[in-house]
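All values below were derived from every heavy atom in this structure, side-chain atoms included, with hydrogens, water molecules and symmetry-related copies excluded.
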Amino acid sequence: MASTPPHCSITATKPYQNNPYPQNQLKNHRHSPNPPKYHRPWAPQRFSPSSLGGGNRGRGSGASPSTSAAAATGQLSQTPTRFPALSPLQTPKSDLSPDFSGRRSTRFVSKMHFGRPKTAMATRHSLIAEDALHHAIQFSGDEEGIHNLLLSFESKLCGSDDYTYILRELGNRGEFEKAVRFYEFAVKRERRKNEQGKLASAMISTLGRLGKVGIAKRVFETALADGYGNTVYAFSAIISAYGRSGYHEDAIKVYKSMKSYGLRPNLVTYNAVIDACGKGGMEFKQVAEFFDEMQRNGVQPDRITFNSLLAVCSRGGSWEAARNLFDEMLNRGIEQDIFTYNTLLDAICKGGQMDLAFEILAQMPAKNIMPNVVTYSTVIDGYAKAGRFNDALTLFGEMKYLGIPLDRVSYNTLLSIFAKLGKFEEALDIVKEMASAGIRKDAVTYNALLGGYGKQGRYDEVKTVFAEMKQEHVLPNLLTYSTLIDVYSKGGLYKEAMEIFREFKSVGLRADVVLYSALIDALCKNGLVESAVSLLDEMTKEGISPNVVTYNSMIDAFGRSATMECLADINEGGASGLEEEDESFSSSSISLSPSNSLPLAVGKVDSLSKLTKTEDHQIVKIFGQLVAEGNNRTKKDCKQDMQELSCILEVFHKMHELEIKPNVVTFSAILNACSRCNSFEEASMLLEELRLFDNKVYGVAHGLLMGYRENVWVQAQSLFDEVKAMDGSTASAFYNALTDMLWHFGQKRGAQLVVLEGRRRKVWENVWSDSCLDLHLMSSGAARAMVHAWLLNIRSIVDEGHELPKLLSILTGWGKHSKVMGDGTLRRVVEALLRGMGAPFHVAKCNVGRFISTGSVVEAWLRESGTLKVLVLHDDKHEQASLPLPL
DNA sequence: GTAGGGTTAG
């Protein structure tokens with residue numbers, strides 16, 4: 001049968017675990033000292049080498065002698081690891097070419113969590129110190145008043161221990177100004193250098209924790225100049241302070257300067273340096289050099305060293321490296337704590353390995369480490385980011401059941417889930433619950449609401465929430481403004497977008513890559529590619545480097561406006577569009593007149609803006625222009641794409657020049673751009689770019705496109721394995737893009753092969769049952785290939801003599817990928833397809849996105865003699881220039 | 001000296 005896969009080896013994939021745990025086991029999970037052990041027969045008893053991923057490939061060949069030992073000690077991976085070769089710390093390599101990056105995040109620098117209280121430790125302060133602290137907290141008077149307060153306690157406080165206690169505690173309450181006053185007073189009255197030194201390091205560390213790195217630096221430099229700052233403690237404290245604020249280069253400088261002060265870095269110093277490097281977004285390999293260095297200098301890493309290294313993996317999404325580190329801790333007999341587990345879990349969640357994350361979470365009670373609010377919010381967020389919202393909410397239920405109180409972060413995590421899903425009732429319930437728990441809404445809370453409402457096009461609510469935010473004196477930040485500018489400009493509300501941008505500038509904030517990328521994307525989506533290019537140029541001039549997201553938007557803009565307008569022309573020109581079975585391949589109606597209006601190259605369009613010198617920012621000018629044009633914006637004529645093609649090639653060129661690594665979204669964007677090409681020759685130029693980026697992805701696309709299905713299927717499987725490890729929407733977008741491209745160029749059997757593989761791997765949720773085909777997550781090519789496959793499947797049911805369900809439905813939704821609310825592109829495509837093959841489906845009365853028929857009518861149709869012929873797909877025969885073979 | 005949340009691409 002035409003719809004069956006070719007005879008080639010299809011490697012088995014891991015069994016997919018749909019539901020992470022049955023309900024009855026959930027109930028047994030108690031937050032008690034002696035939790036019941038989980039029995040999960042569906043879970044692997046130990047980790048198989050194949051589940052270890054690429055991080056271990058090429059090492060430790062042969063059998064692992066530590067297998068049983070590993071099982072006994074609960075090791076996460078079994079490959080023997082040997083330090084100090086640092087092999088377990090290496091970043092795992094993809095099976096695909098090194099450029100293929102499954103990671104999507106472009107955020108490397110961690111968020112700063114300032115103001116975390118210093119965990120309690122044995123203090124040697126006196127009761128008088130507590131009294132003084134109490135007075136200091138209550139105090140709200142002027143400078144003279146605090147001086148008097150200090151004087152009144154001067155004779156009673158016992159040296160630096162008391163003062164250290166007070167300034168740390170003041171720091172825990174955010175009262176850094178009072179802390180500095182206490183510090184200055186204490187240092188002045190203290191004669192002994194070493195006591196002054198203790199005070200200085202305590203002060204620097206307190207300021208560092210509060211994010212007051214500038215003041216910390218002053219304290220440090222003064223202490224150095226006055227001769228009591230040259231202690232390992234003070235240096236470690238300032239390194240840590242720099243690290244917390246993301247100044248890892250300064251942290252390293254200070255560390256390197258220690259030698260010249262005659263100081264030997266100790267364990268705390270190294271831990272601070274490693275942590276600073278990680279927080280500053282340094283690559284694991286570089287951070288590991290400090291790890292090597294400390295051991296060379298005879299300092300043995302401890303639990304915190306490893307926890308900080310784990311955090312580096314988590315920021316990079318290197319979950320395999322994190323597992324290796326975790327195992328290495330066990331090998332070395334280093335105790336593991338809640339930080340270890342939470343950081344490991346974060347790495348695994350960020351690596352998208354949610355089933356493994358759940359597994360580890362479930363093992364924690366048996367290790368006597370009870371999951372806390374951080375553990376749960378980490379995994380809940382992981383599920384949400386993987387698109388597994390039900391699992392996220394189930395876990396939230398478990399957390400509540402266990403009586404773990406929610407905090408600000410976990411409330412915001414949940415709120416953002418509901419807001420993203422557009423479930424505003426639930427979101428507002430969370431807001432209410434927050435209020436009754438005494439947690440005030442912060443910028444994160446408001447930003448989640450603004451983004452949620454904005455993405456649903458509910459601009460009135462956006463305005464109300466933003467007004468409330470200001471009323472409540474919650475300061476809008478860069479993320480707030482980025483969100484607002486993004487939703488307004490994507491919605492075409494240029495006036496509002498411009499006002500927000502003006503306000504953003506007036507409060508002294510500086511645009512960043514995200515803000516620019518959002519704007520560029522909006523312009524591209526609205527067909528304003530020229531303006532997008534000019535902004536790309538503008539941001540570069542401002543010293544803001546575009547990233548892969550920026551470029552993906554630009555690539556995705558290719559052919560978009562032309563296609564849309566030409567389609568509009570086709571529809572206006574009488575052809576009902578329904579008969580237009582495939583709008584793409586031979587769109588001969590497209591006018592081929594060249595035009596100069598598209599810029600030839602990035603960076604050449606700024607000459608105009610230089611001539612028209614105004615005080616307004618380029619962004620404001622663009623918005624102003626768009627507002628002035630209003631709805632009367634003149635539609636561009638359909639153009640031949642050679643101009644656009646050279647523009648996009650220039651974009652690729654720039655990407656290479658800036659060494660911006662593509663990721664799977666880039667590949668999807670290129671494939672989508674191919675689907676918008678009017679000729680195979682044009683597409684082949686884009687595919688050549690794909691080849692330069694990633695030869696294996698190219699190999700699969702090329703092989704399927706040329707009809708060499710059998711030859712590339714093994715390679716395709718390995719590619720699909722990698723894609724499947726990503727979150728659901730990333731994976732489905734790739735399948736959609738690949739299928740569309742194949743369908744567009746007439747490789748319909750290849751397209752069907754890919755969608756069937758996608759179905760097998762559950763890339764799209766619940767695609768089909770015997771009674772219903774749900775296409776709402778699919779692109780037009782994927783949907784069409786799927787309709788054929790589903791109908792063939794229904795036909796085999798009839799053939800086997802079984803009865804069909806009474807009612808059969810095909811759901812198209814609104815066509816998720818149209819990105820236009822209410823734009824039923826997918827519905828129209830499917831309707832045309834069904835009509836074209838004479839399938840007896842009609843639009844359901846109550847739902848225009850749903851096609852229905854009765855089982856008996858469909859059965860009769862399937863039994864007709866000509867039906868099979870229209871159901872079986874054939875490849876279109878086109879004269880195709882051959883593409884270069886993959887390397 | 002160590003952990004979790006909010007913004008951009010399909």
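Between K400(A) and E433(A) a salt bridge is recorded (basic side-chain N to carboxylate O distance below 4.0 Å).
The side chain of N663(A) lies closest to dA9(B) when the candidates are dA9(B), dA3(B), dT7(B). Side chain of I304(A), nearest nucleotide from dG4(B), dT7(B), dT2(B): dT2(B). The nucleotide whose nearest atom lies closest to any side-chain atom of V514(A) is, among dG6(B), dT7(B), dA9(B), dT7(B). Of the candidates dG6(B), dG10(B), dT2(B), dG10(B) carries the atom nearest the S729(A) side chain, counting heavy atoms from C-beta on. Of all nucleotides listed (dT2(B), dT8(B), dG6(B)), dT8(B) comes nearest to the side chain of A518(A). The V374(A) side chain lies nearest to dA3(B) when the options are dT8(B), dA3(B), dT7(B). Distance from the side chain of N547(A) is smallest for dT8(B) among the nucleotides dT7(B), dT8(B), dG10(B). Taking only side-chain atoms of K525(A), from C-beta outward, the nucleotide of dA9(B), dG6(B), dT2(B) with the closest atom is dA9(B).
N342(A) places its CG atom 5 Å from the C1' atom of dA3(B), with the value rounded to the nearest Å. Between the CE atom of M354(A) and the C1' atom of dG4(B) there is a distance of 12 Å, given to the nearest Å. Summarising the geometry, the separation between CD on E335(A) and P on dA3(B) is reported as 17 Å, rounded to the nearest angstrom. As rounded to whole Å, 13 Å separates atom C1' of dA9(B) from atom CD1 of I648(A). In this structure, Y481(A) atom OH and dG6(B) atom P are separated by 21 Å, rounded to whole Å. Regarding L345(A), its CG atom lies at a distance of 15 Å from the C1' atom of dT2(B), rounded to whole Å. To the nearest angstrom, C1' of dT7(B) lies 14 Å from CE of M539(A). Residue M364(A) contributes atom CE, which lies 14 Å from atom P of dG4(B) at whole-angstrom precision.
One N or O donor and one acceptor, one from the side chain of S482(A) and one from the base of dT7(B), sit under 3.5 Å apart. Looking at S377(A), its side chain comes within 3.5 Å of the base of dG4(B) through a donor and an acceptor atom. Judged by distance alone with a 3.5 Å cut-off, no donor-acceptor contact links the side chain of D337(A) to the base of dA3(B). Side-chain atoms of S517(A) come within donor-acceptor range of the base of dT8(B), with a qualifying N/O pair under 3.5 Å. In the interface, the side chain of N372(A) is paired with the base of dA3(B) through a donor and an acceptor atom under 3.5 Å apart. Side-chain atoms of T730(A) and base atoms of dG10(B) include a donor and an acceptor less than 3.5 Å apart.
Across all strands shown, A237(A) has no heavy atoms under 4.0 Å from either base or sugar-phosphate atoms. Using a 4.0 Å heavy-atom criterion, one finds that T375(A) contacts no nucleic acid atom at all. In this structure, S240(A) reaches the sugar-phosphate backbone alone: every heavy-atom distance under 4.0 Å involves primed, P, OP1 or OP2 atoms, never a base. Across all strands, N672(A) comes closer than 4.0 Å only to sugar-phosphate atoms, never to a base (heavy-atom distances). Across all strands shown, T378(A) has heavy atoms under 4.0 Å from sugar-phosphate atoms exclusively, and none from any base. As judged by a 4.0 angstrom heavy-atom cut-off over every strand, L519(A) is placed among residues making no nucleic acid contact. Residue V379(A) is classed as having no contact, given no heavy-atom separation below 4.0 Å to the nucleic acid. Residue contacts for S553(A): at a heavy-atom cut-off of 4.0 Å it reaches the sugar-phosphate backbone alone, with no base atom in range.
One finds a side-chain N or O of K420(A) lying less than 4.0 angstrom from the OP1 or OP2 phosphate oxygen of dT7(B). Distances shown here put every side-chain N or O of R408(A) at or beyond 4.0 Å from the OP1 or OP2 atom of dG6(B). For dA3(B), the OP1/OP2 oxygens have no side-chain nitrogen or oxygen of K350(A) closer than 4.0 Å. Under 4.0 angstrom from either OP1 or OP2 of dG6(B) there lies at least one side-chain N or O belonging to K385(A). For the pair K455(A) and dT8(B), the criterion of a side-chain N or O lying under 4.0 Å from OP1 or OP2 is met. Listed pair K490(A) / dT8(B) fails the phosphate criterion, with no side-chain N or O lying under 4.0 Å from OP1 or OP2.
Side chains of R264(A) and T269(A): no donor on one and acceptor on the other come within 3.5 Å.
Centroid-to-centroid, the aromatic rings of Y551(A) and F652(A) stay 6.0 Å apart or farther.
When each of Y341(A), F339(A), F291(A), F326(A) is tested with F306(A) by the rule ring pair (Phe, Tyr, Trp, His ring centres under 6.0 Å), just one qualifies, namely F291(A).
More than 12 heavy-atom neighbours from other residues, nucleotides or ligands sit within 6.0 angstrom of CZ on F290(A). The environment of CD in Q300(A) is crowded: more than 12 heavy-atom neighbours from other residues, nucleotides or ligands sit within 6.0 Å.
F667(A) and F693(A) have tilted rings, their planes meeting at an angle from 30° to 60° on a 0 to 90° scale. Ring geometry, Y383(A) versus F358(A): the interplanar angle falls from 30° to 60°, so the pair is classed tilted.
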